[in-house]
Asker: 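The structure's right below; bear with me while I get my questions together.
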Amino acid sequence: MSKYDALWNYVSDSGKEKFKLSYEEIERIAGIPIDHSFLNYKKELLEYGYRVGRISMKEETVEFIKE
């Protein structure tokens, strides 16, 4: 079980082709603060049919894209 399972399920359940979430939204959905380890965990999302696209430090957003 991953600490980001709640987020991966949320992304997968969205059914959207492409969308962005703010860091704040991610923290609320995941129930944990987003940190540098997110970069190591993002590959898990492939199992849910999505991938992490652009991560914007300036806008504090993460893009999710359906595979």
Asker: Should the pair Glu59-Lys20 be classified as a salt bridge under the 4.0 Å nitrogen-to-oxygen rule?
Answerer: yes
Asker: Just by modelled atom types, is the Asp5 backbone N or O under 3.5 Å from a matching donor or acceptor in the Asn9 side chain?
Answerer: yes
Asker: Pick from Lys16, Arg54, Lys18, Lys42: which one makes a salt bridge (Lys or Arg N to Asp or Glu O under 4.0 Å) with Glu63?
Answerer: Lys18
Asker: Going by the rule salt bridge (charged side-chain N to carboxylate O under 4.0 Å, His left out), which residues pair with Glu27 if we only count those two or more places apart in sequence or in a different chain?
Answerer: none
Asker: Give me the atom names and distance for the closest heavy-atom approach of Tyr23 to Ser56.
Answerer: OH-O, 3.4 Å
Asker: Grab the two heavy atoms, one from Ala6 and one from Ala30, that are nearest each other, plus how far apart they are.
Answerer: CB-CA, 4.3 Å
Asker: Is Leu46 isolated, or which residues cluster with it under the ILVMFWY side-chain rule of less than 4.5 Å, directly or via members?
Answerer: none
Asker: Does the ring centre of Tyr4 sit less than 6.0 Å away from the ring centre of Tyr41?
Answerer: yes
Asker: Shortest non-hydrogen contact from Ile29 to Leu7?
Answerer: CG2-CA, 3.9 Å
Asker: Does the side chain of Ser2 come under 3.5 Å of the side chain of Glu44 through a donor N or O and an acceptor N or O?
Answerer: yes
Asker: Answer whether the closest heavy-atom distance between the side chains of Ile26 and Leu21 falls below 4.5 Å.
Answerer: yes
Asker: Can you see which heavy atom on Lys66 is nearest to which on Gly15, and at what distance?
Answerer: NZ-O, 3.9 Å
Asker: Can you confirm whether Phe19 sits close enough to Tyr50 that some side-chain heavy atom of one is under 4.5 Å from a side-chain heavy atom of the other?
Answerer: yes
Asker: How long is the straight-line distance from CG of Leu45 back to CD1 of Ile65, given to the nearest 0.5 Å?
Answerer: 10.0 Å
Asker: On the 0 to 90° scale, with breaks at 30° and 60°, tag the Trp8-Tyr48 ring pair as parallel, tilted or perpendicular.
Answerer: tilted
Asker: Is the closest basic N to carboxylate O distance between Glu67 and Arg51 below 4.0 Å?
Answerer: yes
Asker: Please tell me if the side chains of Glu60 and Glu24 come closer than 4.5 Å, counting only heavy atoms from C-beta onward.
Answerer: no
